[in-house]
Protein chains: 2
Amino acid sequence: MTGDGDRGDADPGGEAPERRASSEVISAVMEDYIKAIYAIERDTGERVSTSALADYLDVTAPTVSSMIKKLAERGLVDREEYKGVTLTDDGELVALEILRHHRLLESFLTEQLDYSWVDVHDEADRLEHHVSQKLSDRIAEALGNPPVDPHGDPIPDADLSLPDAGDAVRLVDAEEGDRVVVQRVRDQGDAELRYLADAGVWPGAELVVVDVAPFDMLTVETPSAEQSLPADVARLIEVEPATDDEGA
Amino acid sequence: MTGDGDRGDADPGGEAPERRASSEVISAVMEDYIKAIYAIERDTGERVSTSALADYLDVTAPTVSSMIKKLAERGLVDREEYKGVTLTDDGELVALEILRHHRLLESFLTEQLDYSWVDVHDEADRLEHHVSQKLSDRIAEALGNPPVDPHGDPIPDADLSLPDAGDAVRLVDAEEGDRVVVQRVRDQGDAELRYLADAGVWPGAELVVVDVAPFDMLTVETPSAEQSLPADVARLIEVEPATDDEGA
DNA sequence: ACATAGATTTAGACGAGTCAAATAATTGGA
DNA sequence: TCCAATTATTTGACTCGTCTAAATCTATGT
């Protein structure tokens with residue numbers, strides 16, 4: 001039968017409650033800026049400069065300058081001239097919503113459509129802007145509301161609160177001789193992730209830190225070999241001490 | 001790269017062969033025009049006029065005029081001044097690719113994410129432009145390469161050939177007293193589909209044609225009631241004679 | 001056959017998002 | 001302190017997709 005089933009289709013009329021103050025449309029491009037600001041802010045703990053954003057998004061500084069003015073007008077960022085931006089509460093909600101879409105898509109693609117965890121980022125990056133709240137909720141449900149995505153990154157739940165990420169520490173901050181389990185490999189481009197996967201670094205992998213960052217290099221021992229990782233890559237890997245019952 | 005913030009499409013791992021002559025990027029907007037031309041052409045069997053397209057897409061005639069000029073430059077349509085357009089072979093491939101994405105998405109949403117068949121069109125319309133060939137192939141595989149979508153429309157297969165649609169006839173061309181089974185309800189906006197679903201008309205439903213189009217109206221009897229349908233709606237419903245072992 | 005209603009195209013403008021070149025503010029060093 | 005180097009912003013221009021108004025083509029009816 002051709003699926004006439006109306007199941008628990010819920011909300012026929014109104015889609016979902018407003019989460020942001022202004023419900024103006026936000027373009028996919030704007031969403032990319034907001035995502036970037038969120039990521040850089042999280043990463044550096046500081047206001048995000050025009051040039052950092054330009055770098056991250058691979059556009060020129062003037063382009064960023066004009067866009068953050070628009071974002072400021074819409075109340076999504078807090079802009080101080082010549083001092084960079086931070087997200088407002090509204091802006092952060094937007095970021096969390098995109099993050100939720102992105103991470104749910106990644107989870108879905110790996111778990112239900114057999115994608116590899118290194119292969120999933122670009123697809124999610126394109127789709128995240130076009131997924132409705134309803135669809136992401138359905139995906140979450142189908143996956144049993146997972147707390148983390150395939151890279152170990154926490155997935156904001158339906159009300160956009162971010163699950164506690166645990167007390168993992170950056171690999172670069174680990175000490176020589178530590179035996180650690182990888183918790184998260186920050187979701188970057190496919191190429192970087194493929195490199196790490198080849199190096200034996202993925203969520204759940206157990207590493208021994210052999211040597212730490214003499215010249216921005218860090219060496220770890222994986223089950224199969226000894227690997228050197230650039231420190232700026234190691235910054236994006238978070239680990240917890242290995243407990244004995246966790247290795248296998 | 002810098003450009004549209006979207007379209008990373010390419011194929012990093014050499015995912016799939018080129019299907020079109022020119023592999024220039026086609027924007028989501030262009031794709032909508034091509035989809036529309038395909039639909040109107042199929043529907044009327046004639047060259048598609050500027051105004052028909054403007055109507056269909058809800059833009060003005062000059063907008064269409066300039067866009068079809070671009071489509072013609074890219075070799076996707078065959079344009080004759082003041083005489084409308086038809087798709088070239090290349091244009092038809094684009095249309096079929098979008099159609100495949102759209103119909104696979106609809107199938108997936110209904111079968112795996114519990115969407116109702118009337119509810120699925122808008123979501124698919126947004127996503128279809130951002131789904132990679134790889135993803136649609138994975139979806140097709142996960143669904144067992146279905147030949148038709150939830151509305152009964154045929155899904156182009158991986159090499160973009162359209163499965164034989166059978167010998168269904170438009171409901172409006174049926175005769176009084178015919179007992180028929182709905183094969184396809186053309187995929188229009190959610191509102192129209194909801195109306196039809198409420199009227200008891202969906203793929204697989206069995207109808208008796210009570211009265212045909214005296215004043216552009218047609219009356220059918222569904223299991224639950226007698227329903228009048230405007231002829232232009234009935235044109236979009238395709239039926240086959242009911243065989244006795246098919247009703248239940 | 002020809003005037004005219006109707007459809008189509010052309011012309012000009014605009015907002016979004018981008019860039020390069022020019023200008024302005026900030027910061028760090030002498 | 002003051003100036004040079006760095007970083008940010010402004011300016012002007014370009015593409016894309018859209019619009020309105022105006023010009024032009026087609027087709028129709030008498």
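Here is the naming used below: chain letters follow the sequence lines, and residue numbers restart at 1 for every chain. Bear in mind that the values here come from a model prediction, so they are computed numbers and not experimental data.
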* **Sidechain N-carboxylate O distance under 4.0 Å for A/Arg79, A/Glu81** => yes
* Asked: Between atom CE in A/Met67 and atom C1' in C/dA16, what is the gap in whole Å?
  -> 8 Å
* Over 12 non-hydrogen atoms of neighbours within 6.0 angstrom of CG in A/Asp89 -> no
* **Exercise: do B/Ser65 and B/Thr50 side chains pair donor with acceptor under 3.5 Å** => no
* State yes or no: are the ring centers of A/Phe108 and B/Phe108 separated by less than 6.0 Å? => yes
* Asked: Hey, is the main chain of A/Ser132 close enough, under 3.5 Å, to the side chain of A/Ser136 for a donor-acceptor pair?
  -> yes
* **Single hit among B/Thr110, B/Leu196, B/Leu193 for side-chain contact (heavy atoms from CB on, under 4.5 Å) with B/Val118** => B/Leu193
* Roughly, in whole Å, what's the span from CG in A/Leu57 to P in C/dG17? -> 13 Å
* Give me the ring orientation class for A/Trp117 and A/His151: parallel if the planes are under 30° apart, tilted from 30 to 60°, perpendicular past 60°. => perpendicular
* Please answer whether the main-chain N or O of B/His129 pairs with a side-chain N or O of B/His101 as donor and acceptor at a distance below 3.5 Å. => no
* Asked: Quick one: what's the B/S/- string for nucleotides 2-14 of chain C, heavy-atom cutoff under 4.0 Å, read 5' to 3'?
  -> ------SBB----
* Structure fact -> Nt span of DNA chain D in reach of chain A heavy atoms at under 4.0 Å, 5' end first, is D/dA8 to D/dT10
